[in-house]
Number of protein chains: 2
Amino acid sequence: MATMREVALRAGVSVKTVSRVFNDDPHVLPDTRRRVQEALAGLNYTPNSLARTFRDGRAPVVGVAVPSISDPFFAAIAGGVEEVASRHDMSVVVTSLGEDGDRERELVESLLQRQVGALVMTPVAADQSYLARWAARTPVVVVDRPARGVDVDCFVEDDLGGARAATAHLLARGHRRVAFAGDRESVPTTANRLAGYRAALEEAGLEVDPRLVQLGASDPDGAAAAARRLAALDPAPTALFSSDARTTMVLVPALASRRMAVTGFGDFPMASMLSPALTVVDQDPAALGRRAAERAMRRLDGSVEGAGEHVVLPVRLLERSSCRPPDRLLELFPWTVPAGAERVVWSSAPSGAPTAPARG
Amino acid sequence: MATMREVALRAGVSVKTVSRVFNDDPHVLPDTRRRVQEALAGLNYTPNSLARTFRDGRAPVVGVAVPSISDPFFAAIAGGVEEVASRHDMSVVVTSLGEDGDRERELVESLLQRQVGALVMTPVAADQSYLARWAARTPVVVVDRPARGVDVDCFVEDDLGGARAATAHLLARGHRRVAFAGDRESVPTTANRLAGYRAALEEAGLEVDPRLVQLGASDPDGAAAAARRLAALDPAPTALFSSDARTTMVLVPALASRRMAVTGFGDFPMASMLSPALTVVDQDPAALGRRAAERAMRRLDGSVEGAGEHVVLPVRLLERSSCRPPDRLLELFPWTVPAGAERVVWSSAPSGAPTAPARG
DNA sequence: TTGTACGCGTTATCAG
DNA sequence: CTGATAACGCGTACAA
């Protein structure tokens, strides 16, 4: 923890010379250089990067603010950001905002006050207009959900298209009573996916039965309640579209005893090992994080300027066997994928566009 | 982005007075205070916390260095750290080290140079003696794996005990050919779990057949290879102990066609929904992170001093139906848990000690 | 080649 | 109650 001054003192030179030696400035006599290097080593000098950072006014840091860093989805986003940031010699500060939105502004501004070089965030509050005064100086990119009240770069996934495809997939299999389950409509992704669900029903000429729409189902209690309510319906639903992976993971167990076809938005480990295996809308949160971070870097180095851009990343519907008919009818449906396998049955990518390979 | 100086200029006072007003120092005349507050508001003053941080030499930041922030296990650890850190008005900088260890020192030291207030890390390199000079000034706590070559606080889980219990569980069910699968023996947790596996076999009077031990099985390719090798054995194993959740998640699908009883170290979502459901050693990574962060906070405020403490957190064996006999034999084994349910059959906690409730 | 002076934004010290 | 001044560690500009 020696400072340059101490090293300079010991080497009998000025701090500037120490600085030069340490930063490999060629304009130093070999002899002086050696003396300084000895002092450097002897004192175990370590640069205080806080001072440097302070000096140039911006920290080589990308702030990441998401609802919860413990959620694998957002952890993957953070991982994607970190991957890109580290390539640019920047580190990552993560902050969990919760889903309430009460503390979003406070937490995000405290991040910004730290002079982070860029910010990648998933909005949780109803309004982000407070970001405007920061966005002028610090690149801000939102991911997963659009920002409201401010013009910033935005990377989201095709929630509506994916949800519509997943619902249509169930309808194409003959289901007529298809339920929807998710967390809450105030979350834009959920609202969009609900819209996609409704669109699919309407396109199939079906009425949307509001009793089939179960919100607040993403925690164990809510899932149990949703399962109870769905079971109580007459006629009961024969299929379910689950709006997010968290909901799927708690609701599917709650529905275990009922026989129901399920598609879910968001893949997760072992989804293919369930019986029946889950057909899912495959997202790529790491790519979301990478794209957002890359955009932030381009704003930082000036290679992108102007108004915020809104990018919708394509998703794909990965068919597994959850939707296939009972085994005894299998021979009647030769197009069905075999158990354990999966195939892409739909993609929001423009046809011919390269898509990442399926996971798992 | 106005500075205190600008505010002072506008209010016609000194910067110190602005500082006082902004920090609610009572020694300011009401009149002066109002003038300053108006200037503060008019200029939209925002503190530059980088400057403050620089001034007091330590950043209100906890560094978190783990193999991969995208891995849900380590994301949960990070979440636990963040929870505690935020209660202490500190934020969290995360760094993924990879599993190689080549870059550990470089990445960790760059974190330390940033004058983080504390460091919570999972070692991935063979030696951490480079930490010694830092640990004198910055609290360092390692989690999940012990540090080598340096004396720091350490929070690990009962790898050996959990693995022994999980293996013994299979042996008690009559299995005699029990395989082991994991990532690599250089990872201390894996080495300990392998030791636990061996201990259980030896306690049962069984020889350890090295061909039953499959390392490098935590990625899809390795898992496929391991599955192939296990299948080729004669006699083939009838049961498997998987040493970590990542291995379980790739190896179980690879083994899907074989009928094998499985226990795994590490729970994961939907483990209870597989058929057969997985019996697992239940860890609590979030608690690991919280405990580590709390210890770091206590080192920071001086309420803990002296040599590093080594804490082993208890784990529990959560029995699900993966180990139960085929349905037709169920009536012969009345002690078996019903499908979908789970029960704790073993815990490394001292009996009577409070344990966290099971997840899922 | 080397050194001096200064500034980054904030807070502590100590006079007034 | 208020303000001038120094200090934190480093890098830049400019001299010598």
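Protein chains get the first letters and strands the later ones, always in sequence-line order, with residue 1 at the start of each.
Residues meeting the side chain to side chain donor-acceptor pair (under 3.5 Å) test with A/D31, sequence neighbours left out: A/R34. Residues forming a side-chain contact (heavy atoms from CB on, under 4.5 Å) with A/P146 (at least two apart in sequence, or on another chain): A/C154, A/V156, A/P188, A/H310. Contacts of B/A287 classified as side-chain contact (heavy atoms from CB on, under 4.5 Å), with partners at least two apart in sequence or in another chain: B/D284, B/R290. Annotation: side-chain contact (heavy atoms from CB on, under 4.5 Å) contacts of B/R10 (sequence neighbours excluded): B/A39, B/L43. Every side-chain contact (heavy atoms from CB on, under 4.5 Å) that B/D151 has, sequence neighbours left out, goes to B/A307.
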Using a cut-off of 4.0 Å between protein heavy atoms and nucleotide atoms, how would you tag nucleotides 6-16 of chain D 5' to 3' with B, S and -? -BBBBBB----

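Here the side chains of B/E157 and B/V312 are not in contact, with every heavy-atom distance at 4.5 Å or above.
Taken residue by residue, residues 24-37 of chain B places no heavy atom nearer than 4.0 Å to DNA chain C.
When DNA chain C is scanned in the 5' to 3' direction for atoms under 4.0 Å from non-hydrogen atoms of chain B, the outermost contacting nucleotides are C/dC8 to C/dA12.
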One pair to check against side-chain contact (heavy atoms from CB on, under 4.5 Å): B/R295 and B/E309. What are the steps and the verdict? CA-CA 10 Å; B/R295 169 58 57 93; B/E309 204 177 319; 3.3 Å; yes

Give the C-alpha distance, both sets of side-chain angles, the deciding distance and a yes or no for side-chain contact (heavy atoms from CB on, under 4.5 Å) between A/V92 and A/V61. CA-CA 5 Å; A/V92 167; A/V61 165; over 6 Å; no

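Here the options are A/V81, A/V84, A/V304, the test is side chain to side chain contact (heavy atoms under 4.5 Å, CB included), and the partner is A/E294; only A/V84 passes.
The end-to-end axis angle of the helix from C/dT1-D/dA16 to C/dG16-D/dC1, rounded to 10 degrees and based on five pairs per end, is 50°.
Sequence neighbours left out, the pairs with a member in residues 26-81 of chain A that pass ring pair (Phe, Tyr, Trp, His ring centres under 6.0 Å) are A/F22-A/Y45, A/F54-B/F54. Applying the side-chain hydrogen bond (donor to acceptor under 3.5 Å, both in side chains) test to pairs two or more places apart or on separate chains, none has a residue in residues 63-74 of chain A. A ring pair (Phe, Tyr, Trp, His ring centres under 6.0 Å) check over residues 78-135 of chain A, counting only residues at least two apart or in different chains, returns nothing.
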